[in-house]
Amino acid sequence: MDTKMFCFQCEQTAGCTGCTGAQGVCGKTADTAKLQDELTGALIGLARATEGKEYLVNEYTDQLVVEGLFSTITNVNFNNDTLNIMIDNIKAEKESLVPKCYACGSGCGKNDDFDMQSLWRADEDIRSLKSLILFGIRGIAAYAYHAAVLGYTDKEVNAFFYKALFAIGMKDWGMQELLPIVMETGEINLKCMALLDKANTETYGSPKPTKVALTVEKGPFIVISGHDLYDLKQLLEQTKDRGINIYTHGEMLPAHAYPELKKYSHLKGNFGTAWQNQQKEFADIPAPVIFTTNCLMPPKESYADRVFTTEVVSYPEIVHIGEEKDFTPVIEKALELGGYPEDMHFTGINGGSTVMTGFAHNAVLSNAEKVIEAVKKGGIRHFFLVGGCDGAKLGRNYYTEFVKQTPPDSIVLTLACGKYRFNDLDLGTIGGLPRIMDMGQCNDAYSAIKVAVALAEAFECGVNDLPLSMVLSWYEQKAVCILLTLLHLGIKDILLGPSLPAFISPNVLEFLVQNYNIASISTPEEDLRRILK
């Protein structure tokens, strides 16, 4: 561990073992990585200080924990100044909650912060289990953050953050104590995803199947990326009647399906593909880009002056839109740049000019009778859930080829930015429904679970008995908590790729294989042959 940094939380970590140099694959520097470790250690210290005194915790404490965890997700915060402010705020909150412990000179765990280096140096199985918990709650925190922005919180979800952080800080805990918390992480994530689904649908309505153009019309425009629908709503309100069109990017694509958002006529379409292509796709566009959540890559000099951040996203010397949500700098930049002089026709990676979205659980289940009847009559042979994070590592074209080769009597459900590998393909229809159904953001994994459970109930069987296969791609920590939720539900035979997590030790992997039959993807041909045999 005599390294400049250590980080192995994302799929693209160096050498599939860990980033240890002056800069991580994601672009964060060693100094930033160490500050994120310090921030995590401060959160663990806060959780240890309030253990047994949970009545001291208040809404502000919960907010600090959620924002702190969210800020350490890959591609969120690259700014040492904001990280230092968060660390100071967390330490000040701990001191205000337990002043007597804080004043004591003996290091009892309640008055000091956890040293993350002790975790990275720990026995590999303990490190693996604690990493599953830590990365899992980072993902849950992202969902909790989005729900809280809309005024929806859950006491059980917030309480679990402290429980999980406390467990990570326990040096003498082994597999017997940690494994139940790993599984509980999946259970709590299910509650949090349900909370976010409720927050989004009660605020913006239930998504409706919607065709989205990939054409950018002439004139001023703004590209909005990330996941936070609240930010998009504020931007739409502030640009109304200003002659500025709004285009989604990346995980913001499903916003087009929400009734309360699609009613804005200047929400025109989607620009670009998945997050890892932004440095190429944003290089020459005559418009500003605003990042609302993770998926920010270090902006290149050619377009850095056109990038804005908000919420917990932060990058040095990039203009940040604060809590007041005044998007005036973004609007002024859009008017200054002027946009394209004529309509520009872009395409997806397979040449398609439009994509569909909006097949959330309400939309799919409203056609449940049609789907069930088609299965019973042999019209639908199999369901594939092909979803998850996209990324730049070689081998992700597997997902494009897999979907292309799915039989014509099958349906492909998808979600998250992994869908950009194939969502512009025209695979036709089946039973009056498109064969590719985009269920939304990674935040909307709850929809896929709802549909799977509903189908199992309709056929009076377990989810594992359905003609349903899950072929998942992962990149960051929200994928980790979703995987843990699937394991909590007892779902087996998941194919995961493009590589297995570096933080999964051989013994923990053996446990997952033996109990859940998790396997790594191989080739589309071999995997389809095995699934459909």
| query | Would Tyr145 and His227 count as a close aromatic pair, with their ring centres under 6.0 Å? | reply | no
State, to 0.1 Å, how close [X] and [Y] come at their nearest heavy-atom pair, and which atoms those are.
X	Y	result
Asn58	Tyr60	OD1-N, 3.0 Å
Gly18	Phe8	CA-CB, 3.8 Å
Ile168	Lys130	O-NZ, 3.0 Å
Asp228	Thr292	N-OG1, 3.4 Å
Met5	Ala33	CE-CB, 3.5 Å
Arg396	Gly391	CD-O, 3.1 Å

Strictly by modelled atom types, are [X] and [Y] linked by a side-chain donor-acceptor pair under 3.5 Å?
X	Y	value
Glu67	Gln63	yes
His361	Asp197	yes
Arg138	Thr74	no
Asn75	Glu476	no
Asp326	Thr328	yes
Gln276	Tyr475	no
Gln9	Ser131	no
Thr82	Asn77	yes
Thr414	Asp438	no
Thr273	Glu281	yes
Asn277	Tyr420	no
Asn507	Asp125	yes
Ser118	Lys171	no

Kindly check if the number of other-residue, nucleotide or ligand heavy atoms within 6.0 Å of [atom1] ([X]) is above 12?
X	atom1	answer
Glu54	CD	yes
Lys198	NZ	no
Lys191	NZ	no
Lys492	NZ	no
Glu324	CD	yes

| Asp62 with Lys155: basic N within carboxylate O range, under 4.0 Å | no
| note | Applying salt bridge (Lys or Arg N to Asp or Glu O under 4.0 Å) to Lys34 and not counting sequence neighbours gives none
| said: I need the single residue from Ile73, Ile140, Thr72, Ile482 that forms a side-chain contact (heavy atoms from CB on, under 4.5 Å) with Gln477. Which is it? | reply: Ile73
| According to the interplanar angle, ranging from 0 to 90°, do the rings of Phe271 and Phe282 count as parallel (below 30°), tilted (30 to 60°) or perpendicular (above 60°)? | parallel
| request: Mind telling me whether His266 and Tyr264 have parallel, tilted or perpendicular rings, with 30° and 60° as the class edges? | output: perpendicular
| said: Using side-chain contact (heavy atoms from CB on, under 4.5 Å), reason through Val313 and Ile318 one step at a time and then give a plain yes or no. | reply: CA-CA 10 Å; Val313 189; Ile318 294 296; over 6 Å; no
| said: Between Asp37 and Thr40, does the side-chain hydrogen bond (donor to acceptor under 3.5 Å, both in side chains) criterion hold? Intermediate values first, please. | reply: CA-CA 5 Å; Asp37 275 355; Thr40 304; 5.2 Å; no
| Qualifying residues under side chain to side chain contact (heavy atoms under 4.5 Å, CB included), relative to Ala363, sequence neighbours excluded | Pro209
| said: I'd like to know whether Glu93 forms a side-chain hydrogen bond (donor to acceptor under 3.5 Å, both in side chains) with Thr61, so could you lay out the CA-CA distance, the side-chain angles of the two residues, the decisive distance to 0.1 Å, and finally the verdict. | reply: CA-CA 7 Å; Glu93 178 68 0; Thr61 319; 2.6 Å; yes
